[in-house]
Every structure is written in structure tokens, then in C-alpha cells.
Undergrad: 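Below is the structure I would like to discuss, written out as C-alpha cells.
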Amino acid sequence: YFDGSEAADYTVSFWVRPDFETMQDTDGNMPDTEIGSHEACIVFGVCAANGDPVENGTQIGIDTEASNAGVGYLNFNFTDNGSSTTHNINVDDAEWDNTDGTPTQMTSNNWYHVVYKRTVSDGYGYAYVNGVYQGKHVDNGFYAATDLWSIGTDLDGVGPVDPTNNFAGLLDEVAVWKTALSEAQIQSLYIQGKYFNIAANMGTNLVAYWNFDNNSNDQSGNNNHATI
């Protein structure tokens with residue numbers, strides 16, 4: 001996210017219900033959804049207007065366990081100097097720090113609340129599932145006003161961009177704020193549940209809010225309507 005000419009804090013929140021059986025193929029990997037060196041699907045991401053990855057950008061995905069087709073974890077796809085790498089939140093490495101986190105295993109056809117926030121002051125992005133901290137990574141992403149934000153898919157190609165790495169399952173209550181929510185606010189979003197009216201109760205600094213109640217209109221009042 002950016003504010004004028006400077007990178008800014010932001011938060012993304014959504015409810016997700018993965019269907020791992022549909023995403024899996026016979027060898028335990030998601031078909032035709034390769035991201036970096038892993039197989040995964042995109043749940044939320046940003047790309048340039050021509051479909052190219054955003055430098056230092058972050059995409060949120062889900063990857064399954066190769067040994068168990070019915071479970072999986074959040075993963076993050078980072079772009080740095082034109083090279084993309086993917087990291088599961090249950091693996092602590094040089095790019096993803098889950099030292100103090102508790103990675104949450106997801107199972108098919110159950111709802112999970114996911115939050116990702118970036119704070120410019122320390123340069124980190126933090127992930128939460130069901131109000132529980134998962135880990136962090138360095139996030140220096142700078143997004144332009146012309147970039148395309150996608151939900152449930154990745155956008156590739158040039159004029160027009162093509163959806164790929166499609167998510168199988170359900171997504172609901174997607175919201176974006178131009179601030180880093182506190183951990184207490186993130187936990188409150190989970191506790192309030194999937195039918196919590198974000199626009200009415202957490203509207204401060206809300207940039208976009210899609211509750212998908214029979215349409216893809218932005219309920220924040222900012223007219224950032226989605227295209228389905």
C-alpha cells in the first residue's frame with residue numbers, strides 16, 4: 001500500500017474456507033498452480049497493471065501438505081529483484097520468522113479468519129489466523145495506484161491480464177485498511193465472527209470492504225467495487 005509517494009501501513013482481513021480436495025491432483029500437489037518452487041494457490045495478491053509481479057510485493061496463498069491432501073497452511077510469495085520465492089508459515093527460514101508464532105494447520109471445508117498487516121516503522125509484515133500470531137517477514141512492498149488487487153486468483157499476462165493459480169473454496173468479508181490494526185483489533189475481528197459489520201464498527205481508515213452479500217460492491221463507501 002502507498003500513501004502519496006511513500007509506502008504506508010496497511011491491513012488485509014478475510015475469511016477463507018479452503019477445499020483442499022478440489023485443489024489437489026493425484027500426486028498430492030495443486031495442479032497448474034506453481035508459484036516459485038512450490039505448488040500453491042493465491043488467496044489475495046497485488047500485481048502491476050500489466051500482470052508483472054510488484055517488486056518487493058507480497059501475495060497470500062495456501063499450500064497443502066504433500067503427505068496429506070486434506071490439510072494445509074498459509075504461505076507467502078515474495079518478489080525481490082524480479083525473483084519470487086514462496087514460504088509456508090510452518091517453516092522457519094531466512095525469509096519467514098515464526099520463532100514466536102504458532103502456525104495454524106487448516107483443514108478442508110472449515111472457515112478460518114486470516115489477517116496480514118504491514119508496519120512501515122519496523123518494515124515487517126505480520127500474519128494471523130483466527131486471532132493467533134503466525135510469524136513475520138520483511139515487507140518493503142510499494143504499491144502504485146495503477147496496480148491490480150486480486151482476490152482468490154493471481155493475475156498474469158499483458159493486456160488483458162489472465163487469472164491463474166485460482167483458489168478452490170470460499171472467501172468472504174474481505175477488508176483493507178490503510179493502517180496496521182493492533183493485535184487486539186485483529187483478535188476482536190475473529191471473535192466477532194464472519195457476520196460482523198466491519199463498515200459500521202471498524203470503519204476508521206477502511207479503504208475497501210467486500211462482504212459479497214449478493215454483489216461485489218465496496219461497502220466502505222470508497223467505491224472500490226470488485227469485478228467477479
Undergrad: Donor-acceptor pair, Gln105 side chain versus Tyr73 backbone, under 3.5 Å?
TA: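 The answer is no, because no donor-acceptor pair under 3.5 Å joins these two groups.
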Undergrad: Out of the candidates Thr204, Asn205, Thr119, only one should pair with Thr179 under the side-chain contact (heavy atoms from CB on, under 4.5 Å) rule; please name it.
TA: Asn205
Undergrad: So, does Trp177 use its side chain to make a donor-acceptor pair with the main chain of Met202 at under 3.5 Å?
TA: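 Side chain of Trp177 to backbone of Met202, a donor-acceptor pair under 3.5 Å: yes, one is there.
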Undergrad: Return the OH to CG distance between Tyr133 and Asp100, rounded to the nearest 0.5 Å.
TA: 6.0 Å
Undergrad: Main chain of Ala180, side chain of Arg118: is a donor-acceptor contact present, judged purely on distance under 3.5 Å?
TA: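 No.
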Undergrad: Does the plane of the ring in Tyr116 sit parallel, tilted or perpendicular to the ring in Phe76? Use 30° and 60° as the thresholds.
TA: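 Taking Phe76 first and then Tyr116, their aromatic rings sit tilted (interplane angle of 30° to 60°).
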Undergrad: Any donor-acceptor pair under 3.5 Å linking the side chain of Tyr209 with the backbone of Asn197?
TA: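 A pair under 3.5 Å: no.
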Undergrad: With no hydrogens and no angle check, is any side-chain donor or acceptor of Asn224 less than 3.5 Å from a backbone partner on Trp210?
TA: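 No, because the side chain of Asn224 does not come within donor-acceptor range (under 3.5 Å) of the backbone of Trp210.
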Undergrad: NZ of Lys117 to CG of Asp9: how many Å apart, nearest 0.5 Å?
TA: 9.0 Å
Undergrad: Measure the CG-NZ distance between Asn211 and Lys194 for me, rounded to the nearest 0.5 Å.
TA: 10.0 Å
Undergrad: To the nearest 0.5 angstrom, please state how far the CZ atom of Phe44 sits from the CG atom of Leu74.
TA: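 So the CZ of Phe44 and the CG of Leu74 are separated by 13.5 Å.
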Undergrad: In this structure, which one of Phe196, Tyr128, Trp15 forms a ring-ring contact (aromatic ring centres under 6.0 Å, His included) with His113?
TA: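 Looking at Phe196, Tyr128, Trp15, the match for His113 under the ring-ring contact (aromatic ring centres under 6.0 Å, His included) is Trp15.
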Undergrad: Identify the two heavy atoms, one from Asp218 and one from Ala208, that lie closest to each other, and give their separation to 0.1 Å.
TA: OD1-CA, 3.4 Å
Undergrad: Give a yes or no answer on whether the side chain of Asn130 reaches the backbone of Val132 with a donor-acceptor pair at less than 3.5 Å.
TA: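 No; zero donor-acceptor contacts below 3.5 Å.
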Undergrad: How long is the straight-line distance from CD of Gln187 back to CG of Leu181, given to the nearest 0.5 Å?
TA: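 Those atoms lie 11.5 Å apart.
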Undergrad: For Phe14, is the CZ atom crowded, meaning more than 12 foreign heavy atoms sit under 6.0 Å from it?
TA: yes
Undergrad: Can you tell me how far the OH atom of Tyr195 sits from the CG atom of Asp172, to the nearest 0.5 Å?
TA: 7.5 Å
Undergrad: Within the distance-only criterion (no hydrogens, no angle test), does the side chain of Asn109 pair as donor or acceptor with the backbone N or O of Asp19 below 3.5 angstrom?
TA: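 No, Asn109 side chain to Asp19 backbone: no donor-acceptor pair under 3.5 Å.
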Undergrad: Would you check, one step at a time, whether the test side-chain contact (heavy atoms from CB on, under 4.5 Å) holds for Tyr112 with Ile62?
TA: CA-CA 12 Å; Tyr112 297 90; Ile62 294 180; over 6 Å; no
